[in-house]
**Q** 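Provided herewith is a single structure, encoded as structure tokens, for subsequent inquiry.
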Amino acid sequence: MKRILTATLLFIWSLSSLAAGSQYIMRVDGLVCPFCAYGIEKKLKEIEGVEAIDVDLDNGLVTVNTATGIDLSEERMKQLFTDSGFTYRSMTKTPQE
């Protein structure tokens, strides 16, 4: 019984490690209110593979977690923010563990 439980836990752990995606942190100017954050979240949620979004209004940062294999290009993000009325400044990408 103990072996089955151990094997099950190892299997679940290995699946979660395989499912790790990427985290993007974008610096954006012009995000000043919750309505701005809602609009950006709505646009980002339209992208397939976006799993989580956090908008930090105080620091002008938008954090997006994506599924494995989903790549958010600088060009695409610049266009998305420009179309939404904001100024895209930069983006960093880090793999999630």
**Q** Once side chain to side chain contact (heavy atoms under 4.5 Å, CB included) is applied, do any residues pair with T94, and if so which ones, sequence neighbours excluded?
**A**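 Counting only residues at least two positions away or on another chain, T94 forms a side chain to side chain contact (heavy atoms under 4.5 Å, CB included) with Q23.
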**Q** Hydrophobic clusters join Ile, Leu, Val, Met, Phe, Trp and Tyr when side-chain heavy atoms are under 4.5 Å apart, directly or via other members; which others share one with I25?
**A**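 Result for I25 is L61.
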**Q** Using the salt bridge (Lys or Arg N to Asp or Glu O under 4.0 Å) rule, collect all pairs that involve residues 58-69, keeping only residues at least two apart or in two chains.
**A**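 For residues 58-69: none.
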**Q** Is any side-chain heavy atom of V55 closer than 4.5 Å to a side-chain heavy atom of E41?
**A** yes
**Q** With distance as the sole test, does S22 use its side chain to make a donor-acceptor pair with the main-chain N or O of P95 at under 3.5 Å?
**A**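 No, the answer is negative, given that no donor and acceptor are paired below the 3.5 Å cut-off.
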**Q** Does E46 have more than 12 heavy atoms from other residues, nucleotides or ligands lying within 6.0 Å of its CD?
**A** yes
**Q** My understanding is that only residues two or more places apart in sequence, or in another chain, count here; which of them pass salt bridge (charged side-chain N to carboxylate O under 4.0 Å, His left out) with K45?
**A**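 K45: no salt bridge (charged side-chain N to carboxylate O under 4.0 Å, His left out) contacts found.
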**Q** What residues, two or more places apart in sequence or in another chain, satisfy side chain to side chain contact (heavy atoms under 4.5 Å, CB included) together with K42?
**A** Y38
**Q** Rounded to the nearest 0.5 Å, what separates atom CE in M26 from atom CZ in F86?
**A** 13.0 Å
**Q** Counting C-beta onward and ignoring hydrogens, is there a side-chain heavy-atom pair between L80 and L44 closer than 4.5 Å?
**A** yes
**Q** Just to verify, what does D29 make a salt bridge (charged side-chain N to carboxylate O under 4.0 Å, His left out) with, not counting sequence neighbours?
**A**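 With sequence neighbours excluded, D29 shows a salt bridge (charged side-chain N to carboxylate O under 4.0 Å, His left out) to R89, given in chain and number order.
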**Q** In residues 30-37, what donor-acceptor pairs under 3.5 Å come from side-chain atoms, sequence neighbours left out?
**A**
none

**Q** Under the rule for salt bridge (charged side-chain N to carboxylate O under 4.0 Å, His left out), what residues qualify as partners of R27, not counting sequence neighbours?
**A**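 With sequence neighbours excluded, R27 shows a salt bridge (charged side-chain N to carboxylate O under 4.0 Å, His left out) to no residue whatsoever.
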**Q** Flag the pair T66 / L72 as yes when at least one side-chain heavy-atom distance between them is below 4.5 Å, and no otherwise.
**A**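 Of all side-chain heavy-atom pairs linking L72 with T66, at least one is under 4.5 Å.
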**Q** For D54, enumerate each residue passing the side chain to side chain contact (heavy atoms under 4.5 Å, CB included) test, keeping only those at least two apart in sequence or located in another chain.
**A**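 Side chain to side chain contact (heavy atoms under 4.5 Å, CB included) check on D54 returns T63.
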**Q** Determine which pairs satisfy side-chain hydrogen bond (donor to acceptor under 3.5 Å, both in side chains) with at least one residue from residues 69-78, sequence neighbours left out, and list them in order.
**A** Y24-D71, D71-K93, E74-Y88
